[in-house]
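By convention in this document, chain letters (A, B, ...) are assigned in the order of the sequence lines, proteins followed by strands, and residues within each chain are numbered from 1. Keep in mind that what you see is a predicted model, and the values were worked out from it rather than measured.
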Number of protein chains: 2
Amino acid sequence: MSSVAKKTVGTGAPETGSTSQATAERIPAAQRRELILEAATGVFAERGYAGSTTDQVAKAAGISQPYVVRMFGTKETLFLEALDRAQGKLLRAFREVIAAYDAGELTEELQHLDPAVGNGRPEQLKQLMAIAYADLVEDRGILMMLMQAFVAGHEPAIGARAREGFLDIYRLVRDEAGLSPETSRDFLAQGMLMNTLIGIRLPEVYEQDETAEELLECTLRSKLPMVLKASKAQRRAG
Amino acid sequence: MSSVAKKTVGTGAPETGSTSQATAERIPAAQRRELILEAATGVFAERGYAGSTTDQVAKAAGISQPYVVRMFGTKETLFLEALDRAQGKLLRAFREVIAAYDAGELTEELQHLDPAVGNGRPEQLKQLMAIAYADLVEDRGILMMLMQAFVAGHEPAIGARAREGFLDIYRLVRDEAGLSPETSRDFLAQGMLMNTLIGIRLPEVYEQDETAEELLECTLRSKLPMVLKASKAQRRAG
DNA sequence: GGATGTTGTAATCGAATGATTACTTAAAAC
DNA sequence: GTTTTAAGTAATCATTCGATTACAACATCC
């Protein structure tokens, strides 16, 4: 996870000749692309599609606004590519869990699962994927990026992609993890609840509100400390 | 449900004297307020807070943009009041179900519940409230209005209200309906999944996509036909 | 060492938008 | 019937934002 996002204006920035022209470090377009997408994910995740500006993305990526626009053409394209990237990360995370489980590499993790839920492959995979999902909260904005796409259905292109993406996830859970439609539904529902709790920033009032505490503990279980830590870290980052 | 939203520009509109000045029908401010809030709910539900304009709300309410702004002060206040109204409707719908159940007025409806889920008060109330929740899909945008608030946590005032509102709903389900924290969580999770499926407009591809069909049937059950009908009606309305 | 392509920015433009101001007119009060 | 108040709009303003244009500087190739 290359979470650098170098702001070249700091010390040692390559000052250009005589005029004070702060230019970003020159790096290959492909790498810059990935940095912009990472920055865009964070911005879109926090403020949504309509609420974000290309300039905010540019600032977060440490470059100028016109460069962002020129590299992606339009704000919509930028959003769609960030969405694809986020969805790809989610699908990959799930597939890695499934592959590791089937390869018998998770005997350690299996000890910590709730045995009351069941010992079949679908039941255990459901729990393992839920943990993998919660782990993604750490990775800056992946989940909220998806959530923002889900409520931006008004934009035709985004709505279409969001539908496709959601169905992709459903099919993965059902066909590759082998969950029944009903279990898949419940799995997705838990994920949407987690997204919502993150969206309303419930972890920020964890210590001040008893109800929030109960709901968060009940929903996140063993992953709560990690989420609380991530919440605090993000608040410090602004 | 007074779903009038009269556009006075039609026939019989009160033409003002000599100059062609299309003025909306004069009605008391309190009533106009409610019409604006209803219109705002629809607009915000579809496009989100940042994606909506006061002019879109004004057009939907059949009045001029300055009047909207003058009546509510700012767009943010308008959003917050529409949010309060939507949340109030949801809480009222749940409380009505609980009251009717406790008064023994739902013997008919109880026959149609899934008996496998359980016959205790919490189990039956959970199912009845889920039906009441799905019923709200019909009422133009209540659910998506809430959903949009949940992802607008970046706006401090909206985030705070959304947190409070969500916790209110949780407490109602837990304390007034008597669900355990875990059952409450599952109930809310199902609701968030429903919101998401509506948000990505999955009903619109029900007939073209087998996976969408399965997921929708599995999630909405007996309420699916009603939701599909509402979806078609909303598409016709544009 | 000049030509060329790549990486990047400054400046700016037009459209959109929330808000303000100054009116107009219908209805109520007296 | 005149005054007053409440309901509503047209016009406009200052910002903001996505996009475009034109240009600057660095690297690479011959």
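When each of dC26(D), dT9(D), dT20(D) is scored by its nearest atom to the side-chain atoms of R26(A), the top-ranked nucleotide is dC26(D). In this structure, of dG8(C), dG8(D), dA19(D), it is dG8(D) that holds the atom nearest to the side chain of T23(B). Relative to the side chain of I63(B), the nucleotides dG18(C), dT20(D), dT9(D) differ in distance, and dT9(D) lies closest. The side chain of Y67(A) approaches dT7(C) more closely than any other nucleotide in the set dA11(C), dT7(C), dT20(C).
We find that NZ of K59(A) is positioned 10 Å from P of dA10(C), with the value rounded to whole Å. When rounded to the nearest whole Å, the span between CZ of F79(A) and C1' of dG18(D) equals 16 Å. If you take CE of M71(A) and P of dT7(C), they are 7 Å apart, rounded to a whole angstrom. For the pair D55(B) CG and dT9(D) P, the computed distance is 11 Å after rounding to whole Å. In this structure, the CD atom of E76(B) is 13 Å from the C1' atom of dG18(C), given to the nearest Å. Summarising the geometry, the separation between CZ on R33(B) and P on dA7(D) is reported as 12 Å, rounded to the nearest angstrom. Across the protein-nucleic acid pair, Q56(A) atom CD and dC17(D) atom P stand 7 Å apart, rounded to whole Å. The nearest whole Å value for the distance from the CZ atom in F44(A) to the C1' atom in dG18(D) is 12 Å.
With hydrogens and angles ignored, the 3.5 Å screen pairs no side-chain donor or acceptor of K229(B) with any backbone N or O of E138(B). A donor-acceptor pair under 3.5 Å is absent between the side-chain atoms of Q31(B) and the main chain of P28(B), judged by distance alone. A donor-acceptor pair is defined here as one N or O able to donate and one able to accept, closer than 3.5 Å; no such pair exists between the side chain of K89(A) and the backbone of L136(A). Between the side chain of D209(B) and the backbone N or O of A212(B) there is at least one donor-acceptor pair closer than 3.5 Å.
S64(B) comes within contact range of at least one nucleobase, with a heavy-atom separation under 4.0 Å.
Scanning both residues, T41(B) and R85(B), for their nearest heavy atoms gives OG1-NH1, 3.2 Å.
Interface remark: the R70(B) side chain does form a donor-acceptor pair with the dG8(D) base, using a distance-only criterion of under 3.5 Å.
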